[in-house]
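Structure first, then comments.
By convention in this document, chain letters (A, B, ...) are assigned in the order of the sequence lines, proteins followed by strands, and residues within each chain are numbered from 1. Just the heavy atoms: all of them, side chains too, but no hydrogens, waters or symmetry mates, feed the values below.
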Number of protein chains: 2
Amino acid sequence: MELTERKKKILRAVIESYVRTAEPVGSKTVQEQADMNVSSATIRNELADLTEQGYLEQPHTSAGRVPSPKGYRLYVNELMEEQRLSLEETRQINQAMHLKMQELDKVIDQAGRMVSQLTNYPAFAVTGNARRITIRRFDLILVDGSSFIAVVMTDNSVVKNKLIRLPLPLDLSQPQIQLLTTLLNSSFSGKTLDELTPQLMRVAEHAAGNAYGLISLVVSFAMEVLEDLEHSAVYTAGTSHLLDHPEYQDVGKAQRLMSYLSQEESLARSLSLPALGDDSTKILIGPENVADELKDTSVVLASYDIGDGLKGVIGVVGPTRMDYAKVAAKLSYVADGLSKLFGQPELPPGIPEEKEDS
Amino acid sequence: MELTERKKKILRAVIESYVRTAEPVGSKTVQEQADMNVSSATIRNELADLTEQGYLEQPHTSAGRVPSPKGYRLYVNELMEEQRLSLEETRQINQAMHLKMQELDKVIDQAGRMVSQLTNYPAFAVTGNARRITIRRFDLILVDGSSFIAVVMTDNSVVKNKLIRLPLPLDLSQPQIQLLTTLLNSSFSGKTLDELTPQLMRVAEHAAGNAYGLISLVVSFAMEVLEDLEHSAVYTAGTSHLLDHPEYQDVGKAQRLMSYLSQEESLARSLSLPALGDDSTKILIGPENVADELKDTSVVLASYDIGDGLKGVIGVVGPTRMDYAKVAAKLSYVADGLSKLFGQPELPPGIPEEKEDS
DNA sequence: TTTAGCACTCGAGGAGAATGAGTGCTAAAG
DNA sequence: CTTTAGCACTCATTCTCCTCGAGTGCTAAA
């Protein structure tokens with residue numbers, strides 16, 4: 001049952017006014033807002049219809065109308081105009097996007113913070129999701145007789161290192177290190193976390209001849225790395241922005257949501273489920289959320305490509321009264337930025353130019 | 001002008017009751033709480049004295065008394081008993097203290113979160129403060145013809161790495177990498193951030209013969225690393241805990257403080273000032289804080305040693321009504337834990353034992 | 001110096017009453 | 001059949017007014 005054009009126009013007017021003011025909107029307001037040349041009475045009739053069909057709700061009999069989740073849904077699907085970011089806004093985002101450190105998780109954390117600041121809502125960012133990761137190779141760098149740096153590279157090209165100091169000084173030599181490296185690589189490269197069994201490690205230790213546990217030191221570091229990579233990390237930012245919005249003037253409500261948001265695991269769970277299908281952005285309105293705690297909030301998600309076919313998710317949480325168009329636009333702009341960042345692996349950052357004349 | 005024993009006892013009773021209940025405490029309550037065998041009238045007289053001397057305040061004429069910052073100060077300095085953590089508590093902390101990843105900033109971040117959870121207040125952690133850091137050495141690991149891993153080690157034994165992919169494939173060979181490494185080390189090791197001038201880089205590039213910018217790629221990575229290390233990072237956690245406490249039922253108040261806490265720079269600034277003198281822990285009560293935004297909150301700080309003579313700070317923010325004894329105890333326990341963690345550089349984590357029978 | 005007694009203060013909380021935005025319905029007009 | 005003017009009605013919000021009671025300060029006696 002399609003809505004008439006006029007009904008749509010009215011619904012849209014209601015939503016846009018409500019999003020701006022957070023006040024229930026009445027027939028008169030609609031009349032003015034969407035310059036309609038019908039009387040308020042007519043609009044009242046239409047509003048009554050829309051309410052009956054479930055697109056609007058009435059907090060109480062003598063109040064104006066408020067969009068229902070169903071109303072927002074229709075709005076998002078059909079009525080909403082794609083929001084173009086202003087030049088000023090893109091400039092602002094681009095500028096913030098010049099992230100310093102290349103470390104993957106820091107970049108993603110930063111992106112989350114940025115989105116939160118940009119939208120005035122809490123935001124979160126999830127790093128690319130689980131997959132079996134394997135070790136590609138080991139390298140050991142001798143520092144001095146009693147310490148060396150272990151470098152582990154995984155098959156998704158993440159490189160981590162750790163400085164390993166030996167409990168007792170035992171005067172490692174370069175050839176020894178060399179040998180150890182070869183052994184490590186031949187025994188453990190290509191292996192997943194599960195495959196790094198204590199048995200395997202013992203065998204390798206044995207083969208290494210020296211039983212000082214060097215092998216296991218390095219391998220358990222590698223295990224930490226793999227473990228860390230396979231767990232997708234969640235970063236949240238700007239939860240305090242919740243308090244900016246009138247729907248969270250109630251401290252109890254705000255607190256419940258905030259503490260939910262700070263539980264990373266739960267967030268991660270509720271985000272892996274609606275997994276965005278193939279869409280690059282998705283809007284979940286109120287009860288469309290799986291998690292009970294989010295039943296009266298909306299979530300806007302955008303996915304970004306980390307190379308290697310993996311995707312991460314970045315998103316915003318807020319009241320259902322949200323400027324979906326704007327939020328979605330900003331979010332996907334940032335997500336695209338991230339994709340590009342990871343896509344073009346190495347743009348030479350260039351030497352920071354000192355001011356030079358001529 | 002010293003207070004009489006009785007006055008002290010009363011002050012202490014007032015504070016401890018107020019900390020528990022958040023309600024102004026009256027003469028009767030004091031009488032019961034600190035089993036004093038004087039009448040409430042006597043206590044009223046004493047309370048009046050204490051109020052006049054500024055240790056207590058009266059929200060309004062017909063309410064009980066509330067400790068003033070000066071009152072808390074006296075309490076903290078003289079009256080407060082060192083709180084011993086219960087076995088249960090230390091067990092809990094110790095358990096949480098088994099941090100996986102050794103990455104310095106992650107550990108510190110984690111510690112902050114832990115403290116917040118432990119105390120039910122927002123917490124923050126600051127990494128060891130600025131100092132001129134120099135590069136100790138470079139290592140390059142050849143991955144394939146068009147990419148290599150750059151490893152930078154600084155003089156405070158931090159090791160960072162980055163996978164560098166060349167913009168154009170140019171078939172690097174091991175000897176070339178070797179050469180490059182030597183060149184990097186001879187030109188740049190021992191240098192601080194400031195000394196890594198473009199001039200120096202150009203010279204090195206020139207010396208390298210190949211102008212493909214490899215040198216500058218690696219060096220600018222090193223610069224990022226140095227920059228990152230010299231800026232002390234601030235981590236905050238658990239800001240939403242503010243809402244747990246009745247003094248922040250007022251959303252406006254909560255919001256102001258929360259957004260202050262999420263501005264890392266300001267936090268860092270207000271924390272470097274009161275720099276803890278030599279004490280390992282410090283309590284700042286209400287107006288003793290420098291920052292206006294903290295004038296009616298208290299901050300408990302503890303410092304921890306990152307090796308190398310450097311110190312970091314970890315702390316808790318909350319209303320002046322705070323269980324200082326407990327918070328300080330927990331905080332310094334964690335801070336000590338951190339110090340130990342950094343102090344004994346490498347306790348071999350051991351192979352994760354699989355359940356083995358006998 | 002302590003205590004009992006008592007008048008007093010003042011915030012918290014609740015009951016009404018006034019306000020007014022916005023509705024639904026009816027009946028007339030287009 | 002649709003639109004509109006008119007009007008009675010509803011109900012959250014706001015304000016005022018009042019009561020209640022915890023806790024005080026003061027006085028006078030012990």
Report task. Mind telling me whether His245(B) and Tyr121(B) have parallel, tilted or perpendicular rings, with 30° and 60° as the class edges? Result -> parallel

Given atom [atom1] of [X] and atom [atom2] of [N], what is their separation to the nearest angstrom?
X: Ile43(A); N: dT4(D); atom1: CD1; atom2: P; result: 9 Å
X: Ile10(B); N: dG23(D); atom1: CD1; atom2: P; result: 16 Å
X: Arg44(B); N: dG23(D); atom1: CZ; atom2: C1'; result: 8 Å
X: Glu5(A); N: dT2(D); atom1: CD; atom2: C1'; result: 18 Å
X: Glu57(B); N: dG23(D); atom1: CD; atom2: C1'; result: 17 Å
X: Met36(A); N: dT3(D); atom1: CE; atom2: C1'; result: 13 Å
X: Asp49(A); N: dT3(D); atom1: CG; atom2: P; result: 11 Å
X: Glu46(A); N: dT2(D); atom1: CD; atom2: C1'; result: 10 Å

Output yes when at least one side-chain N/O atom of [X] is less than 4.0 Å from OP1 or OP2 of [N], else no.
X: Ser62(B); N: dA22(D); answer: no
X: Arg6(A); N: dT3(D); answer: yes
X: Ser39(A); N: dT4(D); answer: yes

Query raised in the report: Which one of Val316(A), Leu261(A), Thr297(A), Val115(A) satisfies the side-chain contact (heavy atoms from CB on, under 4.5 Å) criterion with Pro122(A)?
Result: Leu261(A)

Query raised in the report: If we call it a pair only when both distances are under 3.5 Å in a Watson-Crick or G-U wobble match, what pairs with dT27(D)?
Result: dA4(C)

Query raised in the report: Per the side-chain hydrogen bond (donor to acceptor under 3.5 Å, both in side chains) rule, which among Arg65(A), Gln58(A), Glu46(A), Glu57(A) passes with Thr51(A)?
Result: Arg65(A)

Query raised in the report: Measuring from Met258(B):CE to Thr236(B):OG1, what's the distance to the nearest 0.5 Å?
Result: 10.0 Å

Query raised in the report: Is Glu288(A) salt-bridged to Lys282(A), cutoff N-O under 4.0 Å?
Result: no

Query - Residues Arg12(A) and Glu81(A) bridged, charged N to O under 4.0 Å - result: yes

Requested in this report: For residues Ile10(A) and Leu50(A), determine if any side-chain heavy atom of one lies less than 4.5 Å from a side-chain heavy atom of the other.
Outcome: yes

Query raised in the report: Cut-off 3.5 Å, side chains only: do Ser298(B) and Tyr324(B) have a donor facing an acceptor?
Result: yes

Report summary line: The first and last nucleotides of DNA chain C lying within contact of chain A, meaning any atom under 4.0 Å from one of its heavy atoms, run from dA21(C) to dG24(C)

Query - Greater than 12 external heavy atoms within 6.0 Å of Lys9(A)'s NZ - result: yes

Query raised in the report: Which ones in residues 19-27 of chain A lie close to DNA chain C, meaning a heavy atom under 4.0 Å from one of its atoms?
Result: Gly26(A), Ser27(A)

Report task. Using the closest heavy atom to pick a nucleotide of DNA chain C for each, name whichever of Thr42(B) or Thr61(B) lands nearer the 5' end. Result -> Thr42(B)

Report task. Could you tell me whether Ala41(B) contacts a base, only the sugar-phosphate backbone, or nothing, with contacts defined as non-hydrogen atoms closer than 4.0 Å? Result -> base

